[in-house]
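Reviewing the structure listed below.
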Amino acid sequence: MKYSPAKIERKWQRYWESKQIHLAKDKGKDNFMLLTEFPYPSGNLHVGHWYAFALPDILARYLKMNGHNVMYPIGFDAFGLPAENAAIQRNINPRDWTEQNIKYMTKQLKNMGTLLDWSREVSTINPNYYKWTQWMFLKFYEKGLVYRDKTFVNWCPRDKTVLANEQVVNGCCDRCGTEVVQKEITQWMFRTTAYADQLIDDIEGLDWPETTKLAQRNWIGRSEGAIIQFLIPNSKLLIPVFTTRADTLFGATYLVLAPEHPMLTKLTSDENLDKASRYLEEVKKKTELERLHIDKSKTGVDTGGYVVNPINNEKIPVWVADYVLGHYGTGAIMAVPAHDERDKEFAEKFNLPVSNAPLEDAQKIVEKLKEKGLAEFKKNYKLHDWVLSRQRYWGVPIPMIRCEKCGYVAVPEKELPVELPYLEDFKPSDDGRSPLAKAKDWLKVKCPECGRDAERETDTMDTFVDSSWYFLRYTDPKNKKEFASKKKMAEWLPVPMYIGGAEHNTMHLLYSRFFTKALHDLGYLDFNEPFTARRNHGIILGPDGQKMSKSRGNVVDPDVEVKKYGADTIRMYLAFMGPYDQGGPWNPDGIQGVFRFLTRVWNFISEPEEPKTADKEADRIINKATKEMGDDIKNLKFNTGVSGLMKLLNALEDKWLTKKQYGTFLKLLAPFAPHIAEELWWTVLKNKKSIHLEKWPKHDEALLAEELIELVIQINGIKRDVLKVTKGLSEEEVKSIALSNESVKKYLVGKEIKKFVYVKDRLTNIVI
RNA sequence: GGGUACGUGGCGGAACUGGUAUACGCGCACGCUUCAGGAGCGUGUGGGAGCAAUCCCGUGAGAGUUCAAAUCUCUCCGUACCCACCA
């Protein structure tokens, strides 16, 4: 019979489902939650999803065969702007659109033949889920970790919503590409900065990629310096500046305020008023994009005002310039042209003085000024508090009530969830208010405190809130009393391995860490880091090496490939194409090679009769492969794992094996190509229980030690011969073998051996 | 401009702690099989010299350390990703 995946794959997927081999038991031993980032229900599975879910499944199956009680959970991160925009385009409700996508993608995901545990499925749009998202919001609110503040925010004029700093890419909305403008509104914020130090200090202990750790450190951006006060003459007003270089204070020759600085009007002299206000108008007109890209040269104007440098009492002029950022530090800097490139450029352009005053000890300077109340040590962070409000329909309603008399009042816990009403007209409105304001019945509510007529908050939450705690829910997805029971969380968490995309290095991973730390401090978690180990996977590009996109026409449809080659081939091909953290272009020829391999496997395991005695050589080969295969999978080196299987088949193909030997081969293959392994396990080897419930073969260390090794003999570092010898030869033994070797002897005639290098079980180098 | 990672055949890539460079696969060439093949099987496949055994060169370029360098150090060139006036 020919190998035709279409005939066997669905059959086994159904069988596994009926036997529930993919379900994680709660009271198992040796629990292991293998976490992958839950997908966004965009409507269609792409090859990237296979990369993200079918490859970690190799590890999941391997761990299961090694006796772990594996949970490989799945869910959907289903709120968010893209669904809303797609629904607007198609003129259907986002809920209908999203639910339909989830249904379709679930079907597609099941084609992969994974251990994904659908019984624990979590969906962020399910009121039983977002009830707890709201609950956490309220707990954080009680603890002062949620607050409202009027801030300048990034406003996308097209999506008509506020964006987090992280969602602004090069001054444009990362979703639609429109230029972002600055707008001042009052927003709900998470006080992420309260955890800035912990978030940066705890990175060290994590088993994460160095790049991810570094990205987080840079994002939090802690710098240690000082605040120094500059007095405005003839007043009692002080202007604080932040500096990491207090030692350069003697060289400060002028001071620069950000255009947003509140003291600006006070400082500006009458004669400079016109010029200054014209400058501010100009800056306002500049979009973020221009500020960053087009207009890189420094601009600014003299305010005509002065301040006093506290270290030497020199009067220095005050300027305003937009190269100073209003939102970092104090929004003002002391300019030291002698030591700072930016200040130097500005000073040269506007003819400001440069002083080469000597540097002094920063510590001493600050301490000295501190006595007079003119300085203090200060840590500063780039990290901002997290603006979580969105003026959009498709998100979790923020569970607050606005009462004329009492102000903002929390929705009582027993009234959760505040359900998102089904709206006919959910389009964003031009006034910037959330579409929920149109749901009149939903909006009206009594104030929980005074009982008067009040209104619900109409903003919804950023979807990053939903995904900041989803992994907790996997441990106890149906719990109605708590977000998850402490007991169950203790069995599974923290997550021992989290595999996902490098694009989440900062936002998602940082937010999840913030949530975990906050919940820990509130007493709900026993751990304060969510993910013990993290590994990133790469991105699969189109055959042309470009990012897959409909407009480029280079999209590979996994459904089409499955029809052509079957799921096992796709899984193995993706595993084989290169290092998992690297990704790379899809190669239509490369996949042929994997299909050929599986066809050869199919023809290989077909011997009806067993030999009387097992082939010793085959045992040795299998034993070695078993060890290497296990190491490869554990280290997520799937590419060399596949090549190991290929080598194994090459070595065994013309041998006559026992049923046990064939069985071992199939067990090694099973995590990679679960369907064909199962089929051959039953139909050819006549087993009556799933291969995926078998134990991973144990390799024999003693047999490994018997392996012959290839001893390299070098003369002056150049290879002259390679000998097969037993392991563990001593230096003396190797020396006599080497010196009596014919192909070596001829080089040694009449030469003196200066040095004899011996590397055990590897090589010897004769230096002459 | 800054940071990080990386640079190995025609291509994807392998190489443990510095110790046989190019495993495995693709492609290509030749042969076998077949009515036929864009199927299957076999052999070969970094460059150069040689009938051959064999020898020399070779991991972006150049230097250095070492008995020994794809791997470590320095300079330069190039690519990818991230950040982007953070005082």
For a quick check of understanding: with a heavy-atom distance under 4.0 Å over all strands, which category does [X] fall into, base, sugar-phosphate or nothing?
X: A:Asp343; result: nothing
X: A:Asn505; result: nothing
X: A:Thr599; result: nothing
X: A:Pro585; result: nothing
X: A:Lys760; result: nothing
X: A:Glu503; result: nothing
X: A:Val767; result: sugar-phosphate

Inter- and intrachain pairs under side chain to side chain donor-acceptor pair (under 3.5 Å), touching residues 566-584 of chain A, at least two apart
A:Asp57-A:Arg571, A:Asp568-A:His675
Could you tell me how far apart [X] ([atom1]) and [N] ([atom2]) are, to the nearest whole angstrom?
X: A:Leu763; N: B:U17; atom1: CG; atom2: C1'; answer: 14 Å
X: A:Gln582; N: B:U4; atom1: CD; atom2: P; answer: 20 Å
X: A:Leu636; N: B:A14; atom1: CG; atom2: P; answer: 14 Å
X: A:Phe756; N: B:C67; atom1: CZ; atom2: C1'; answer: 12 Å
X: A:Met646; N: B:G13; atom1: CE; atom2: C1'; answer: 12 Å
X: A:Lys213; N: B:A5; atom1: NZ; atom2: P; answer: 13 Å
X: A:Glu710; N: B:G19; atom1: CD; atom2: P; answer: 16 Å
X: A:Asp581; N: B:U4; atom1: CG; atom2: P; answer: 18 Å

Under the side-chain hydrogen bond (donor to acceptor under 3.5 Å, both in side chains) test, residues paired with [X] that sit two or more places apart:
X: A:Glu37; result: A:His504, A:Arg534
X: A:Ser355; result: none
X: A:Lys627; result: A:Asp631
X: A:Ser223; result: A:Tyr328

Could you measure between the two [atom1] atoms, the one in [N] and the one in [M], and give it in whole Å?
N: B:A61; M: B:A70; atom1: P; result: 12 Å
N: B:G78; M: B:C85; atom1: P; result: 25 Å
N: B:A14; M: B:C67; atom1: C1'; result: 26 Å
N: B:U20; M: B:G46; atom1: C1'; result: 16 Å
N: B:G18; M: B:A23; atom1: P; result: 23 Å
N: B:C30; M: B:G12; atom1: P; result: 25 Å
N: B:C41; M: B:G25; atom1: P; result: 11 Å
N: B:U17; M: B:C28; atom1: P; result: 36 Å

For A:Tyr498, is the NZ or CZ atom of A:Arg535 found under 6.0 angstrom from the centre of its six-membered ring and inside 45 degrees of the ring axis?
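Because its charged atom misses either the 6.0 Å distance or the 45° angle limit, A:Arg535 does not stack over A:Tyr498.
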Output, in order, the C-alpha distance, side-chain angles, deciding distance and verdict of ring-ring contact (aromatic ring centres under 6.0 Å, His included) for A:Phe595 and A:Tyr3.
CA-CA 10 Å; A:Phe595 185 72; A:Tyr3 170 48; 5.7 Å; yes
Taking salt bridge (charged side-chain N to carboxylate O under 4.0 Å, His left out) as the definition, give me every residue that meets it alongside A:Glu204, ordered by chain and number, with sequence neighbours left out.
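Result, salt bridge (charged side-chain N to carboxylate O under 4.0 Å, His left out) vs A:Glu204: none returned.
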Tell me which nucleotide among B:C85, B:G27, B:G25 gets nearest to the side chain of A:Tyr323.
B:C85
Could you check which of B:U20, B:A14, B:A87 has an atom nearest any side-chain atom of A:Asn639?
B:A14
For nucleotides 31-43 of chain B, give me one character per nucleotide, 5' to 3': B if any protein heavy atom sits under 4.0 Å from the base, S if the only such contacts are to the sugar-phosphate, - if neither.
---------SS--
In B/S/- notation (B base, S sugar-phosphate only, - none; protein heavy atoms under 4.0 Å), nucleotides 52-60 of chain B written 5' to 3' is ---SS----
Are the charged groups of A:Asp340 and A:Arg245 less than 4.0 angstrom apart, N to O?
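Between A:Arg245 and A:Asp340 there is no salt bridge, as every charged N stays at least 4.0 Å from the carboxylate O atoms.
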Let me see the working for A:Tyr254 and A:Phe350 under ring-ring contact (aromatic ring centres under 6.0 Å, His included), right down to the final yes or no.
CA-CA 11 Å; A:Tyr254 60 102; A:Phe350 295 101; 9.2 Å; no
Do you see a donor-acceptor pair shorter than 3.5 Å between the side chains of A:Thr193 and A:Tyr381?
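No.
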Pairs counted only when both distances fall under 3.5 Å, Watson-Crick or G-U: show me the 5' to 3' dot-bracket for RNA chain B, [ ] for pseudoknotted crossings and | for other-strand partners.
(((((((..(((......[....)))((((((.......))))))((((....))))..(((((..]....))))))))))))....
I'd like to check the ring pair (Phe, Tyr, Trp, His ring centres under 6.0 Å) partners of A:Phe756; sequence neighbours left out, ordered by chain and number.
none
Residues forming a side-chain contact (heavy atoms from CB on, under 4.5 Å) with A:Met334, sequence neighbours excluded
A:Phe230, A:Val241, A:Thr243, A:Thr248, A:Leu249, A:Ala252, A:Val336
Listed by chain and number, what are the side-chain contact (heavy atoms from CB on, under 4.5 Å) partners of A:Lys647, not counting sequence neighbours?
A:Ser643
Between the base of B:C67 and the side chain of A:Asn765, is there a donor and acceptor pair under 3.5 angstrom?
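Yes.
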Is there a donor and acceptor pair, one atom on the side chain of A:Lys754 and one on the base of B:C67, closer than 3.5 Å?
no
Taking the nucleotide of RNA chain B with the nearest heavy atom to each, does A:Gln714 or A:Gly584 sit closer to the 5' end?
A:Gly584
Comparing nearest nucleotides in RNA chain B, the 5'-proximal residue of the pair A:Val757, A:Thr211 is A:Thr211
Tell me if B:G13 is syn or anti. Syn = glycosidic torsion within 90° of 0, anti otherwise.
anti
